[in-house]
Amino acid sequence: MESRVLSGSTTIHGVQRLHRLTTTTSSSISPFTACFPTTRPNLTWGKQLRPAFLLEASPVKKRETRLRPCLAAASSPDSAGEAKVGFLEKYPALVTGLFFFMWYFLNVIFNILNKKIYNYFPYPYFVSVIHLFVGVVYCLVSWAVGLPKRAPIDSNLLKLLIPVAICHGIGHITSNVSFAAVAVSFTHTVKALEPFFNAAASQFILGQQIPLALWLSLAPVVIGVSMASLTELSFNWTGFISAMISNISFTYRSIYSKKAMTDMDSTNLYAYISIIALIFCIPPAVILEGPVLIKTGFNDAITKVGVTKFISDLFWVGMFYHLYNQIATNTLERVAPLTHAVGNVLKRVFVIGFSILAFGNKISTQTGIGTVIAIVGVATYSYIKAKMEEEKRKGKAA
């Protein structure tokens, strides 16, 4: 057993001397020092057996008894040396709920404001660049003030992030082309097909075996989107094809993201992806829309709404875009994949519902039924997939 031994003398006199040292100085030192004395004359530590009479009669044993209340006090939650638990740590579920609320709220506001801009300024390539530009400025300012501190990036990580950022940029532009061309609710209904493209890419590109249950759960998604597309009042091929290209782009973004797994925090990672995507998106915006914008585009928008509203709308839509994406990423870090998958489905329901209310879009009965079927299919797919991934992680941990 582990015990204290006397190095200078093994007599009772030596033990009594130790007792006097600990008792006479207790009144002149702090409680912490009394519990943990820094000077121990004639005292060493070791794994040696002590004589039985010392174990029974030694004042050191009594001193051990006196030490226990000190140690208990030092380790108690009410002690001054321990930091108090904050409100956020005390109620983590409430904080997570707040993250979900802000994710949904910012996403809905972004989609509504974005569509309002396209109603008087139909230039999706330029608006897409503005989204990314405002987000990049936000990131640079955050880095400048140290919230968060900028994480260093090397050439190897940069090479891995470039494909991710390019796919992110293509998916973002094509989503906005669809938003400008058709109703927001229809674009989100078509984008509900993204899990189907993810499963196909995993099966045929990555060589991962997709269980039959997952494929069957995707059937309602395909059927629902087809029903909604056939009778969508705002349907046009530009909006439909752009939304499909967006699905494919985000699928490849997911594939490249798996190859670019890094220990960098999500805030810094998304900042770097936004910077690279912005650089990629500027040339097509300048080439495809630059001449028209200079000639008539800017003047028409300013004439319709005024220069102040035009600039403020572009600024706020960019802020909402960046913040909702950032909070969505932060939310994923706080919850299990299953919770996030279900939350993502509910988010799409919120966006579709609020966009219909905000713009008064008329939808046919078949479109409404098809949208509901597609959403239910996505929810089923997300639930099954997240359950399978959770079981796989538990198996690895076991």
Answer with yes or no after comparing the ring centroid distance for Phe179 and Tyr118 against a 6.0 Å cut-off, counting only values under it. no
Heavy-atom pair with the smallest gap, counting every atom of Val317 and Leu113: N-CD2, 3.6 Å
Sorted by chain and number, sequence neighbours left out, side chain to side chain contact (heavy atoms under 4.5 Å, CB included) with Pro211 holds for Leu214, Met388
Could you pull out all donor-acceptor pairs under 3.5 Å where a side-chain atom in residues 123-131 meets a protein atom, sequence neighbours excluded?
unit_1	atom_1	unit_2	atom_2	d
Ser128	OG	Pro124	O	2.7
Ser128	OG	Asn176	ND2	3.3
His131	ND1	His172	NE2	3.1
His131	NE2	Asn114	OD1	3.0

Nearest heavy-atom pair of Ser229 and Phe235: which atoms, and what distance? O-CD1, 3.8 Å
Sorted by chain and number, sequence neighbours left out, side-chain hydrogen bond (donor to acceptor under 3.5 Å, both in side chains) with Thr251 holds for Asn198
Which atom pair, heavy atoms only, marks the closest approach of Val134 to Phe315? CG1-O, 3.8 Å
For Ser266, check side-chain hydrogen bond (donor to acceptor under 3.5 Å, both in side chains) against everything at least two apart and list the hits. Asn330, Glu333
Closest non-hydrogen atom pair between Gln366 and Met227, with its separation: NE2-O, 3.3 Å
Please give me the minimum heavy-atom distance between Val221 and Ala192, naming the atom from each residue. CG1-O, 3.4 Å
Any side-chain heavy atom of Gln203 within less than 4.5 Å of one from Gln209? yes
Heavy-atom side-chain proximity of Trp215 to Phe196 below 4.5 angstrom: yes
Would you mind writing out the side-chain donor-acceptor pairs for residues 291-303 within the sub-3.5 Å range, not counting sequence neighbours?
unit_1	atom_1	unit_2	atom_2	d
Thr296	OG1	Val292	O	3.4
Thr303	OG1	Asn299	O	2.7

Between Asn107 and Val351, is there a donor-acceptor pair closer than 3.5 Å when you use the side chain of the first and the backbone of the second? no
According to salt bridge (charged side-chain N to carboxylate O under 4.0 Å, His left out), who are the partners of Lys394, at least two apart in sequence or on a separate chain? Glu390
Aromatic plane relationship, Tyr120 with Phe310 - under 30° parallel, 30 to 60° tilted, over 60° perpendicular: perpendicular
Between Ala213 and Ile384 the two heavy atoms that sit nearest each other are O-CD1, 4.1 Å
Taken in chain and number order and not counting sequence neighbours, the residues that satisfy side chain to side chain contact (heavy atoms under 4.5 Å, CB included) with Leu140 are Val136, Trp143
Give the table of side-chain donor-acceptor pairs shorter than 3.5 Å for residues 154-164, with sequence neighbours excluded, one pair per line with atom names and distance.
unit_1	atom_1	unit_2	atom_2	d
Asp154	OD1	Asn156	N	3.4
Asp154	OD1	Leu157	N	2.8

Mind checking side-chain hydrogen bond (donor to acceptor under 3.5 Å, both in side chains) for Ser175 and listing every partner two or more places apart, or none if nothing turns up? Lys191, Ser246
Exercise answer: donor-acceptor pairs, residues 274-286 side-chain atoms, under 3.5 Å, sequence neighbours excluded:
unit_1	atom_1	unit_2	atom_2	d
Ser274	OG	Tyr270	O	2.9

Taking the side chain as C-beta and beyond, is there a heavy-atom pair between Met244 and Phe197 under 4.5 Å? yes
Under the side-chain hydrogen bond (donor to acceptor under 3.5 Å, both in side chains) test, residues paired with Ser234 that sit two or more places apart: Glu232
Euclidean distance, Ile248 CD1 relative to Thr174 OG1, rounded to 0.5 Å: 9.0 Å
With Lys309, which residues qualify under salt bridge (charged side-chain N to carboxylate O under 4.0 Å, His left out), at least two apart? Asp313
